[in-house]
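Start at 1 and go down the list; that is how both ligands and their atoms are numbered. These numbers come from a predicted model, not from an experiment. These numbers come from the heavy atoms of this one structure, side chains and all, not from hydrogens, waters or symmetry mates.
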Amino acid sequence: MKLKMAWMLTLALFFGLTAFAFGPAPASAGPVTLNYANFPPAPTFPCVQMERWKTEVEQRTGGKVKINTFPGGTLLGAKEMMDGVIAGQAEIGCLSMAYQPGRFVVTNATSLPLGIPNARVGSRVLLDLYEKYRPEEFARVKVITMFTTAPTNIMSKVPVRSLADLKGLDLRASGGAARILAAWGANPVGMPMPATVEALQKGVVKGLYSSLEVMKDFKFAETCRYATVTDTVIYPFAVVMNMDTWNALPADVQKVIDDLKIEQAEWTGNYMDNHVKDAVEWSKATYQVEFIELTQAQKQEWNALLDPIVEQYIRETSEKGLPARAIVDDIRALIARYAK
Ligand code: DTR
């Protein structure tokens with residue numbers, strides 16, 4: 001009898017423990033906590049959109065989910081983001097795809113000179129492109145959203161009024177934007193955005209090639225008193241979640257997150273476009289930054305130099321077995337659709 005009791009107790013304990021370890025969290029366990037890593041400082045747009053997403057998810061899940069945000073590379077750095085999320089060092093991470101151009105070949109096609117006019121259009125185009133092709137490099141994560149910057153412009157310590165001024169000039173840029181600078185004869189220097197602050201101070205670079213909101217958010221207007229308006233390519237971003245984390249989330253939480261995907265892309269695009277306007281005004285008023293406009297003839301001259309870039313991408317990417325021409329055609333069609 002005693003033996004039977006002991007045996008039953010052991011069994012009960014075993015099943016109890018198994019249920020505790022593998023079963024759904026009991027109702028009293030409190031909210032699911034997710035750590036969200038980001039690489040640039042808190043006031044910059046990737047972090048502003050992160051805080052907005054956090055607030056929305058926490059509200060819409062009625063307290064079931066708690067998100068801890070880590071701006072400024074405090075949890076994962078710029079280039080570790082994708083692998084860090086795959087490995088589970090953070091549940092969620094925000095990455096700039098330009099830092100690994102060879103890894104994100106399909107989505108980085110959005111930073112070809114195809115005429116994305118603003119961040120709102122860019123963000124919708126990028127997300128649709130991802131949904132259509134579902135590139136292999138995202139197979140091990142859940143995509144939460146994607147978005148882009150506004151088109152890029154030259155910000156520099158010295159005035160750039162012509163291609164001659166640009167010749168051999170060291171400017172920070174990554175990915176597709178770096179290719180543009182090279183085509184114009186400048187010397188693109190690749191580094192993640194947060195490293196640019198010191199590189200500019202130390203004179204390692206004479207300026208940068210990015211969307212203009214950084215003039216205010218990184219206070220680049222203080223060192224770069226000139227901006228040459230080129231409005232060329234965007235930088236694409238992705239927010240990804242660890243796949244096991246995603247699979248373990250309750251269905252209603254997954255739905256909230258999925259329902260936010262397009263909305264968040266659109267919100268971030270709009271935020272960026274408005275913030276660029278604000279940063280331009282701020283730079284003029286605070287540091288008397290001169291915004292240099294190219295003449296019509298110059299625009300034609302500069303754009304003509306970019307023509308081979310698209311064909312080169314198509315050639316190189318087709319060799320990797322990807323439908324490069326269709327990708328480019330799709331981007332053009334999506335721009336036309338969303339720019340209406
Ligand atoms: N320069 C690009 C994109 C970019 C534009 N604004 C910010 C702010 C914070 C980080 C990155 C960016 C880049 O380095 O990805």
Side-chain angles (χ1 to χ4, degrees), residues 36-52 69-82 93-101 103-104 107-108 110-112 116 118-120 122-123 126 145-156 170-181 186 188-200 204-205 207-221 223-224 227-228 230-240 265 268-280 282-283:
Y36 187 153
N38 219 327
F39 65 95
T44 63
F45 93 98
C47 294
V48 173
Q49 74 76 35
M50 168 171 78
E51 294 302 329
R52 188 263 172 183
T69 54
F70 295 84
T74 44
L75 186 54
L76 286 172
K79 291 189 184 176
E80 314 158 335
M81 210 49 90
M82 188 68 164
C94 172
L95 59 129
S96 172
M97 294 185 259
Y99 302 161
Q100 291 172 298
R103 185 170 188 173
F104 303 105
T107 41
N108 269 328
T110 55
S111 60
L112 289 168
I116 288 178
N118 55 46
R120 186 191 61 80
S123 301
L126 172 63
T145 192
M146 289 193 181
F147 48 81
T148 74
T149 64
T152 44
N153 296 283
I154 300 166
M155 291 155 258
S156 49
D170 296 326
L171 296 175
R172 179 266 158 194
S174 299
R179 283 195 162 189
I180 304 279
L181 281 186
V189 184
M191 67 185 82
M193 202 60 180
T196 313
V197 179
E198 202 182 309
L200 264 174
V204 175
V205 292
L208 71 152
Y209 192 48
S210 183
S211 46
L212 289 168
E213 95 293 348
V214 296
M215 288 291 256
K216 184 174 184 184
D217 294 348
F218 282 93
K219 303 275 181 298
F220 287 143
T223 35
C224 297
T228 307
T230 59
D231 278 336
T232 1
V233 294
I234 53 79
Y235 281 81
F237 282 70
V239 181
V240 296
T268 308
N270 281 328
Y271 170 80
M272 163 62 88
D273 290 330
N274 290 328
H275 196 46
V276 162
K277 289 181 198 146
D278 171 44
V280 167
W282 179 87
S283 305

Under 4.0 Å to a heavy atom of [X] - the qualifying atoms of ligand 1, by number:
X      : value
Glu213 : 5 (C), 6 (N), 7 (C), 8 (C)
Ser96  : 13 (C), 15 (O)
Ser211 : 5 (C), 6 (N)
Pro40  : 9 (C), 10 (C)
Val214 : 6 (N), 7 (C)
Phe218 : 8 (C), 9 (C)

- Task: Closest by any non-hydrogen atom to atom 14 (O) of ligand 1: pick that one out of Tyr99, Tyr209, Phe237, Tyr235.
- Result: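 Residue with the shortest heavy-atom distance to the ligand atom: Tyr99.
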Rounded to the nearest 0.5 Å, what separates atom [atom1] in [X] from atom [atom2] in [Y]?
X      : Y      : atom1 : atom2 : result
Leu171 : Thr228 : CG    : OG1   : 9.0 Å
Met215 : Trp282 : CE    : CH2   : 8.5 Å
Arg172 : Leu181 : CZ    : CG    : 10.0 Å
Tyr271 : Phe45  : OH    : CZ    : 9.5 Å
Asn153 : Thr230 : CG    : OG1   : 4.5 Å
Ser96  : Lys79  : OG    : NZ    : 10.5 Å

- Pick one of side chain, backbone, both or neither for how Arg172 approaches ligand 1, counting any non-hydrogen atom pair under 4.0 Å.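 The answer is the side chain.
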- Message: Would Thr149 count as a polar contact of ligand 1, with the cut-off being nitrogen or oxygen pairs under 3.5 Å?
- Response: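 Not met; the criterion fails.
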